Amino acid sequence: MVVVRLLDRFVVTSGGVAMHVPASAHRLVALLALRGSPVERSYVSQCLWMDKTEARAYANLRSVIWRLRRSSPQLVSLSASHLSLRRDVEVDIDALRGLARALVDETSAVELSAVDAESLSGELLPGWCDDFVELERERLRQMRLHALESLSHRLLRAGRHALALDAALAAVAADPLRETAHRAVIAVHLAEGNLGEALRQFSSLADLLARELGIAPSRRTAELLDVRSDWATGPAPRQAARLLTI
């Protein structure tokens, strides 16, 4: 089986053994792997050689295709107008996307025992600066953040607090300014009865938002600390209220 790996590094394997793919063809293979469906040749040439004339870009594409078919004929399918990876080629990012979509879809059943924060890890082609890669990298980042939060919520409902906290903290680590990720952490602490930990997470968020963006946590986040316990008139919620300015 041929597998194209885009997470953490670019590599193509066949039967678990690395295949030789010409360096000049890496960007073409990555583009086709990310698209997942046939792409017009004209789009590919313009996307990969934006700084070239149309004629030069087409010539470059023809050259790359020739080298790729010579070294790795099992990778790419060709037609007169379109290019794609062969149907039997697997792409690692497809599994990550599928898992993320399943997690954020509340109607989808997910076997939680087979999923953890590590299952959603991996950076798309680190160090690559192509526009088509950067766009997909941000798209994947956002999808991963939503999936980690959804995983935390699902695990929390299942009473698996340690794993729920791990997923929520992974979301915070991936984007420290993401308030919904901090809310997921706070929710786990409150479910466990760790009110001090919940307030400390809120205070950390408040300090970070004030320092980096000049804003305060939303009322929705503060209300997590107001409705979960019998200490609503105690010193801890009064401290939270002082931190809240919205």
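Positions are given from 1 along the sequence. Since the structure is predicted, the reported quantities are computational estimates derived from the model, not experimental observations.
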Please lay out, stage by stage, how L75 and V4 fare under the test side-chain contact (heavy atoms from CB on, under 4.5 Å). CA-CA 9 Å; L75 261 180; V4 177; 4.1 Å; yes
Taking side chain as C-beta onward, heavy atoms only, is [X] less than 4.5 Å from [Y]?
| X | Y | result |
| --- | --- | --- |
| H182 | T221 | no |
| V39 | L32 | yes |
| L190 | L195 | yes |
| L99 | L103 | yes |
| E123 | L7 | no |
| L224 | F202 | no |
| L83 | L31 | no |
| V3 | V89 | no |

Taking atom [atom1] of [X] and atom [atom2] of [Y], what is their separation to the nearest 0.5 Å?
| X | Y | atom1 | atom2 | answer |
| --- | --- | --- | --- | --- |
| L112 | R154 | CG | CZ | 6.5 Å |
| H161 | N194 | NE2 | CG | 10.0 Å |
| S203 | L208 | OG | CG | 12.5 Å |
| D94 | L34 | CG | CG | 9.0 Å |
| L165 | I186 | CG | CD1 | 11.5 Å |
| K52 | L61 | NZ | CG | 14.5 Å |

Worked check of side-chain contact (heavy atoms from CB on, under 4.5 Å) between L78 and R41: CA-CA 9 Å; L78 308 174; R41 288 176 179 245; 3.9 Å; yes
List the steps, then state whether side-chain contact (heavy atoms from CB on, under 4.5 Å) holds for L28 with I65. CA-CA 9 Å; L28 171 60; I65 291 173; 4.2 Å; yes
Exercise: identify the closest heavy-atom pair between [X] and [Y]:
| X | Y | result |
| --- | --- | --- |
| V185 | A168 | CG2-CB, 3.5 Å |
| A117 | L151 | N-CD2, 4.0 Å |
| V188 | A164 | CG2-CB, 3.9 Å |
| A18 | V11 | CB-CG2, 4.3 Å |
| A114 | S119 | O-OG, 4.0 Å |
| W128 | A30 | CZ3-CB, 3.7 Å |

Using a distance-only test with no angle check, is there a side-chain donor-acceptor pair under 3.5 angstrom linking E138 and Q142? yes
Donor-acceptor pair between S121 and E118 side chains, under 3.5 angstrom: yes
Could you give me the CA-CA distance, side-chain angles and deciding distance for E192 and E197, then say whether side-chain contact (heavy atoms from CB on, under 4.5 Å) is met? CA-CA 10 Å; E192 292 185 298; E197 292 280 7; over 6 Å; no
Mind jotting down which residue pairs meet the side-chain hydrogen bond (donor to acceptor under 3.5 Å, both in side chains) criterion with at least one end in residues 4-27? Sequence neighbours excluded, please. R27-D130
Summary of side-chain hydrogen bond (donor to acceptor under 3.5 Å, both in side chains) pairs that have at least one residue in residues 64-86, sequence neighbours excluded: S63-R67
In terms of heavy-atom contacts, does CZ of R141 have more than 12 from other residues, nucleotides or ligands at under 6.0 Å? yes
According to a 4.5 Å side-chain heavy-atom criterion applied to Ile, Leu, Val, Met, Phe, Trp and Tyr, with indirect links allowed, do [X] and [Y] form part of one hydrophobic cluster?
| X | Y | value |
| --- | --- | --- |
| V133 | W49 | yes |
| V44 | L6 | yes |
| M143 | L145 | no |
| L140 | V104 | no |
| L124 | L135 | no |

Residues in side chain to side chain donor-acceptor pair (under 3.5 Å) contact with E212, at least two apart in sequence or another chain: none
Does any N or O in the side chain of R137 come within less than 3.5 Å of the main-chain N or O of L125, such that one atom is a donor and the other an acceptor? yes
Side chain to side chain donor-acceptor pair (under 3.5 Å), that's the test. Do D207 and S204 meet it? Break it down for me. CA-CA 5 Å; D207 291 342; S204 175; over 6 Å; no
Assess whether a salt bridge exists between E136 and R139, defined as any Lys/Arg side-chain N lying under 4.0 Å from an Asp/Glu carboxylate O. yes
